[in-house]
Amino acid sequence: MSHGTALPLSPVSPGAGEGTRTHCPYCSLQCGMTLVGRRTTTVQPWAEFPVNEGALCRKGWSATGLLGHRERLTTPLVRDRATGEWSSATWDEALDLVASRIREVQAEHGPDGVAVFGGGGLTNEKAYQLGKFARVALGTSQIDYNGRWCMSSAASASTRAFGVDRGLPFPLADVEHADVVVLVGYSVLVAGGHVDDTYIAERTTGWEAVRDAVAAWWPERVERVTGVAAPELRALADLLASRERVMVLTARGAEQHAQGSDTVLAWIDVALALGMPGKEYAGYGCLTGQGNGQGGREHGQKADQLPGYRMIDDPAARAHVAAVWGVEPDSLPGKGRSAYELLDALGTPAGPRAMLVHGSNIVVSAPRATHVQERLESLDLLVVCDLVMSETAALADVVLPVTQWAEETGTMTNLEGRVILRQQARPVPDGVRSDLDVVAGLAQRLGSPIEFATDPEEVFAELGRASAGGKADYAGITYDRIRDEQGVFWPCPAPDHPGTPRLFADTFATPDGRARFHAVEHRGPAEVVDGDYPVHLTTGRVLAQYQSGAQTRRIGDLPDDGAFAEMHPLLANRLGVADGMPVTVATRRGEMRLPARVTTTIRPDTVFVPFHWLGVNRLVNDALDPASRMPEFKVCAARVVAA
Ligand code: SF4
């Protein structure tokens with residue numbers, strides 16, 4: 001095992017100066033940066049990396065603030081349930097304890113008694129190894145990850161329409177060449193005769209059903225439902241119809257609903273009706289959220305998938321992956337529960353009794369978070385691998401301190417489908433190990449029939465073999481190629497294949513090569529406003545923070561004023577509150593007190609609360625999209641009163 005050792009630092013390409021070329025620890029752009037200095041590390045630009053050309057946002061420039069942070073965990077910790085006190089343990093003691101407790105739970109409750117919860121920020125190697133560890137070493141079907149709450153609706157819709165799910169099916173640089181970029185919320189196009197009949201006839205199926213369905217949605221009716229004025233809808237349709245290159249991009253605002261996948265399908269219908277997908281500098285794409293939101297969902301962390309986007313209930317897929325892993329196909333478990341359904345089942349008679357968490361702060365980020373916390377507390381064993389004592393780690397029986405971005409080498413796949421290499425720039429702190437070491441150490445103690453590699457490049461080569469022939473085919477990608485080519489776009493099935501920056505130029509990834517229109521019906525939110533809960537609550541992010549804030553809230557250079565309730569002056573007047581005054585936001589699931597922030601950039605019937613702090617996700621609705629299993633983070637009914 002390679003734990004606790006300082007790996008040789010990766011070479012720097014000619015012309016970069018002193019330092020290590022790597023990538024930002026946060027969002028899905030995976031901006032390139034150069035890290036200089038082994039002990040005191042500073043961020044310098046990497047001007048040649050095409051995604052960001054040296055530019056970084058405030059989070060990127062301050063990212064080294066978590067390296068050497070005083071709250072960094074550097075020893076395994078075990079909690080005494082009776083007293084709540086933590087004590088340090090050696091790695092052997094901690095892994096022995098976890099393995100013996102897993103054996104006890106599985107002896108009593110079977111293989112599915114133990115669950116694994118991963119994250120969209122883990123490297124491809126870790127995500128792949130976690131999926132393999134769950135299916136082979138634990139034999140459990142119970143694995144999913146927090147990316148289910150990020151972009152699963154777009155993933156589900158893209159797969160149904162195009163046959164494959166890649167956030168952007170074109171390079172990010174295409175965006176600046178588009179004539180119109182629609183960041184989502186149709187009907188009008190058909191009535192105006194703006195659809196591309198030739199494209200529809202030659203490259204799609206299902207148009208007639210969509211044409212008939214949208215006939216019932218004239219602009220004034222859309223205005224009554226959405227609040228977007230009919231003249232603006234007509235103007236948008238005219239704009240889309242008058243330009244050669246139209247690009248439609250969706251993100252969480254459209255996707256995190258109980259009908260999020262239908263909303264994305266409707267936007268894909270718009271792009272298809274205009275004849276855009278597959279055309280240069282045009283089409284449909286999804287703006288991925290987490291750092292490895294793309295790669296994290298391709299290689300086996302999802303409850304229903306094996307590496308390379310293979311489905312776990314497909315006999316041919318099982319046979320291929322089992323052969324790479326050196327096990328019998330029949331030994332692999334079937335499909336497990338999606339992320340929220342998994343958490344909801346924890347500690348119940350039919351649910352898992354133990355769980356390993358890697359790279360996820362569930363207590364802050366899960367919907368209906370109070371209920372989820374209760375489920376976590378009902379477990380016989382909770383193990384959390386993290387950098388710091390996150391709100392979720394604080395509930396664990398065992399916390400294992402693991403490496404972070406600049407202390408390890410591994411690949412990520414950004415929102416374009418570009419596989420990039422985060423290179424190690426700092427030594428591994430004493431007492432800290434990689435998640436790859438944790439998985440290998442536990443697998444060996446559990447008597448796994450196969451060994452688990454700990455060298456990331458070795459794991460990546462195996463991932464390539466496991467993904468070969470799948471939709472997300474990495475077989476031709478190597479660390480050297482990524483270094484030399486500033487990333488390689490999948491699918492890349494062979495060493496001499498150039499990679500695929502643009503998908504769909506000639507064909508779609510469906511059995512007949514045609515994209516699918518989908519006629520969808522508007523259903524509205526799962527929970528509607530009423531007399532008791534008269535306003536909409538929506539959630540989202542602020543620029544200076546990232547996801548649950550476990551990392552960014554600890555970086556002093558980033559502003560952290562805590563959560564707030566953003567509302568329109570009309571709502572504030574009705575409540576009798578002024579900017580900065582405390583209000584209580586309540587839903588059917590709980591309430592929280594926080595300062596009002598009064599602004600005219602929000603609808604008067606809606607209050608917005610950012611989700612980077614413990615609280616608002618305790619209030620949101622856990623209604624799930626039937627196709628993607630995405631919770632309805634973006635809208636529920638709420639009551640706001642002056643506190
Ligand atoms: S947070 Fe995202 S946009 Fe900002 S520097 Fe990092 S990768 Fe780039």
Side-chain angles (χ1 to χ4, degrees), residues 117-118 120 143-167 184-186 210 213 225-226 248-270 284-290 293-294 296-297 301-305 309 311-312 335-345 360 362 365-369 371-372 516-528 536-540 587-589 611 616-617 619-637:
F117 201 90
I143 176 170
D144 213 67
Y145 82 124
N146 64 17
R148 179 77 67 173
W149 305 330
C150 186
M151 43 177 320
S152 57
S153 287
S156 167
S158 291
T159 301
R160 290 160 70 190
F162 302 131
V164 67
D165 154 36
R166 198 177 89 180
V184 155
Y186 159 45
V210 171
V225 172
T226 66
V248 180
L249 304 175
T250 66
R252 303 307 84 71
E255 299 160 11
Q256 286 180 324
H257 294 262
Q259 65 171 135
S261 54
D262 277 0
T263 302
V264 176
L265 284 170
W267 278 104
I268 290 174
D269 286 345
V270 171
Y284 163 78
C286 159
L287 300 170
T288 314
Q290 294 190 80
Q294 181 65 52
R297 67 182 190 266
Q301 275 192 107
K302 287 179 89 167
D304 54 352
Q305 291 186 1
Y309 272 149
M311 301 310 293
I312 202 164
K335 183 177 166 182
R337 295 177 172 93
S338 75
Y340 183 74
E341 291 160 305
L342 172 58
L343 298 178
D344 190 35
S360 189
I362 299 165
S365 59
R368 201 179 160 204
H371 170 70
V372 167
R516 306 271 189 272
F517 278 99
H518 288 81
V520 296
E521 287 295 325
H522 171 73
R523 295 197 303 276
E527 188 177 74
V528 295
H536 302 290
L537 168 64
T538 190
T539 68
T587 71
R588 290 182 173 83
R589 291 154 293 280
F611 56 55
V616 75
N617 279 333
L619 277 55
V620 305
N621 195 355
D622 59 354
L624 301 182
D625 182 293
S628 66
R629 317 311 286 164
M630 168 75 83
E632 189 148 76
F633 285 104
K634 281 292 181 280
V635 62
C636 66

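All values reported here derive from a predicted model rather than from experimental measurement.
- The shortest non-hydrogen separation linking A366 to A369 is O-CB, 3.5 Å.
- Listed by chain and number, the residues in a salt bridge (charged side-chain N to carboxylate O under 4.0 Å, His left out) with E527 are R588, R589 (sequence neighbours excluded).
- Residue C286 holds its SG atom at 12.5 Å from CZ of R166, rounded to the nearest 0.5 Å.
- Taking CG of L619 as the reference point, atom OG1 of T539 lies at 10.5 Å (rounded to 0.5 Å).
- Two residues are said to be in side-chain contact when any heavy atoms from C-beta on lie closer than 4.5 Å; Y284 and V270 fail this criterion.
- Of all the heavy atoms in S158 and D165, the pair that sits closest is CB-CA, 4.1 Å.
- Rounding to the nearest 0.5 Å gives a distance of 6.0 Å between NZ of K302 and OG of S152.
- At a threshold of 4.5 Å between non-hydrogen side-chain atoms, the residues L624 and E341 count as touching.
- Between F633 and P367 the shortest side-chain heavy-atom distance falls below 4.5 Å.
- Here S628 contributes atom OG and W149 contributes atom CH2; the two are 13.5 Å apart, rounded to the nearest 0.5 Å.
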Worksheet item: Do V620 and E632 pass the side-chain contact (heavy atoms from CB on, under 4.5 Å) test, and can you show the C-alpha distance, the side-chain angles, and the key distance before you say yes or no?
Response: CA-CA 7 Å; V620 305; E632 189 148 76; over 6 Å; no
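- Taken from CG in D144 to NZ in K335, the straight-line distance is 10.5 Å, to the nearest 0.5 Å.
- For the side-chain contact (heavy atoms from CB on, under 4.5 Å) test, residues two or more places apart in sequence or in another chain that qualify with H522 are W217, V225, Q259.
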Worksheet entry | Audit row: R297, T288, side-chain contact (heavy atoms from CB on, under 4.5 Å) steps and yes/no | CA-CA 11 Å; R297 67 182 190 266; T288 314; 4.1 Å; yes
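- For the pairing with E255, the side-chain contact (heavy atoms from CB on, under 4.5 Å) check across D625, V264, T263 returns one residue only, V264.
- The two residues I312 and A303 make their nearest non-hydrogen contact at CG2-O, 4.2 Å.
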Fill in: Worked check of side-chain contact (heavy atoms from CB on, under 4.5 Å) between M630 and R148
CA-CA 6 Å; M630 168 75 83; R148 179 77 67 173; over 6 Å; no
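- Distance alone, capped at 3.5 Å, places no donor-acceptor pair between the N146 side chain and the I362 backbone.
- The nearest pair of heavy atoms linking V635 to P525 is CG1-CB, 3.7 Å.
- The two residues R523 and P626 come nearest to each other via the heavy atoms NH2-CD, 4.0 Å.
- Within the 4.5 Å cutoff, the side chain of L537 has heavy atoms near those of the V616 side chain.
- Nearest heavy atoms, S338 versus R629: OG-CB, 3.4 Å.
- Here H518 contributes atom NE2 and S261 contributes atom OG; the two are 10.0 Å apart, rounded to the nearest 0.5 Å.
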